[in-house]
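Structure first, then comments.
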Amino acid sequence: MSGAAERGTLRRIAFIGIGNMGWPMAARLVGAGFDVVACDVAAERSARFAAEVGGTAAADAATAARGADAVITILPTSKHVGQAIEAMDDALAPGMLLIEMSSGVPTATRGFAEALAPRGVAMIDAPVSGGVPRARSGELAIMLGGAAADVARADAVLRAMGNALTHVGGIGAGQAMKALNNLMGAAGFLIGVEALLIGQRFGLDPAQMVDVLNNSTGMNNSTQKKFKQFVLSRRFDAGFGLELMAKDVSVALEVARETATPAPFAALCREMWASAVGLLGPGMDHTAMAQFSEKLVGETLGGGNRAS
Ligand code: NAD
């Protein structure tokens, strides 16, 4: 199989949200031969995408969606997705598939799907994990919620962007899964930074601690991919915003509330991330969360403090 057959029935893709993740994901679609129409409220981003990567740029979401087989949204929050759906309104035609790839709120996504269904527009949620590096390489994990037939229709599109696709349930289930994944990532980051700060006070070298943890049972995604790269280096530029992580932990807690699941640890974690957004200010990378813990302790993490 090659060319159009491999790309399935969805050929023309309106791609809404050319941000940190949207840019490399849309670039994977262009590379796989899909007809991509890019759109971002920051119009210069979609114009630059079309000029540097390919496809075409649309001035607004309705123009992008008109005539598309599928619309992909990857926007900061469900609120932004609601605004985009409203903006596309009469361009959404029967037979279209809306693939919502943001880390959104499951109940909001269910509401969008219910409103679109009578118009013959199907919707699935397909949030992703793996960050910018795996978006670039097309190796994202994609968590899918929706009807099996709609998930199957999106398969070729999704496989251009990810290589670990899991259909976890009905509409919204992918986003519930994604929020719980990020709850674990957020909690693992926080406890890891706390351990490094305790160790440093004791006289251990944080960089050496990370090496030891990565050979031991304390290893997690933050010890492997964040502490040396973005915290100890003081770069704080992983490409995933602090507000976005705080939002994900809040969504996880909302899922806990809706299911009447006691979640005291998640609640503490949520309050810490939300407080950090206030304390550190807007526009920070999520790895700057370490500075919040450092402020609590009154000490900055550094290297070279190895105990003799
Ligand atoms: P981002 O802020 O870099 O990009 C979002 C883009 O959406 C921006 O370019 C913005 O101008 C645009 N936008 C906002 N409202 C719009 C609208 N109504 N119409 C068109 N464009 C609009 O965010 P990101 O890091 O790319 O994250 C996007 C989503 O993916 C979020 O839900 C986030 O939680 C999730 N996510 C991010 C990462 C990561 O590592 N960055 C990883 C996994 C999941």
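No hydrogens, no waters, no symmetry mates; every other heavy atom, side chains included, goes into these values. Start at 1 and go down the list; that is how both ligands and their atoms are numbered. These numbers were taken from a predicted model, which means no experiment stands behind them.
Listed by number with element, the atoms of ligand 1 under 4.0 angstrom from any heavy atom of K247 are 31 (C), 32 (O), 33 (C), 34 (O). Atoms of ligand 1 lying under 4.0 Å from any heavy atom of G131, numbered from 1 in the order shown and given with element: 40 (O). Of all atoms in ligand 1, numbered sequentially from 1 with element shown, those under 4.0 Å from a heavy atom of S102 are 32 (O). Residue I16 approaches ligand 1 through these ligand atoms, each under 4.0 Å from one of its heavy atoms: 19 (N), 20 (C). Annotation for ligand 1: atoms under 4.0 Å from non-hydrogen atoms of G239 are 39 (C), 40 (O), 41 (N). Contact atoms of ligand 1 toward I74: 28 (C), 29 (C), 30 (O) (distance under 4.0 Å to a heavy atom of the residue).
Summary of contacts: the protein heavy atom closest to atom 31 (C) of ligand 1 is L75 O, 3.3 Å. With hydrogens left out, the protein atom closest to atom 4 (O) of ligand 1 is G19 CA, 3.2 Å, a heavy atom. Closest protein heavy atom to atom 37 (C) of ligand 1: M21 CG, 3.4 Å. Annotation: atom 18 (N) of ligand 1 to nearest protein heavy atom, H80 O, 3.8 Å. Ranking the protein heavy atoms by distance from atom 43 (C) of ligand 1 puts V128 O, 3.4 Å first.
Checked by distance only, ligand 1 and Q83 stay at 3.5 Å or farther apart across all their nitrogen or oxygen atoms. Of the polar atoms of S103, at least one N or O is found under 3.5 Å from an N or O of ligand 1, judged by distance alone.
The existence of a salt bridge linking E44 and R48 is excluded, since no basic side-chain nitrogen approaches an acidic carboxylate oxygen closer than 4.0 Å. For E258 and R110, the salt-bridge test fails: no basic side-chain N is under 4.0 Å from an acidic carboxylate O. Look at K228 and D211 and you find a salt bridge, because one of the NZ, NE, NH1 or NH2 atoms lies within 4.0 Å of a carboxylate O, short of that distance. Between D60 and R66, no side-chain nitrogen of the basic residue sits less than 4.0 Å from a carboxylate oxygen of the acidic one, so the salt-bridge criterion is not met.
When the heavy-atom distances from atom 11 (O) of ligand 1 to L244, N20, D40 are ranked, the shortest goes to D40. The option from N181, V41, V251, T77 that lies nearest to atom 17 (C) of ligand 1, judged by heavy atoms, is V41.
Between the K247 side chain and the S103 main chain, a donor and an acceptor come within less than 3.5 Å of each other. Looking only at distances, a side-chain donor or acceptor of S216 sits under 3.5 Å from a matching main-chain atom of V212.
Aromatic ring orientation, F49 versus W23: perpendicular (interplanar angle above 60°, classes split at 30° and 60°).
Between the side chains of S293 and E194, no donor-acceptor pair is found at a separation under 3.5 Å.
Each of L140, V151, D155 was evaluated against L165; a single residue qualifies, D155, per the side-chain contact (heavy atoms from CB on, under 4.5 Å) test.
Pairs of residues two or more places apart, or lying in two chains, that qualify as side chain to side chain donor-acceptor pair (under 3.5 Å) and include a residue from residues 131-148 are S137-E139.
For the pair P76 and ligand 1, a heavy-atom separation below 4.0 Å is found. By the 4.0 Å heavy-atom criterion, M101 is excluded from the residues contacting ligand 1.
Here T56 contributes atom OG1 and D35 contributes atom CG; the two are 6.5 Å apart, rounded to the nearest 0.5 Å.
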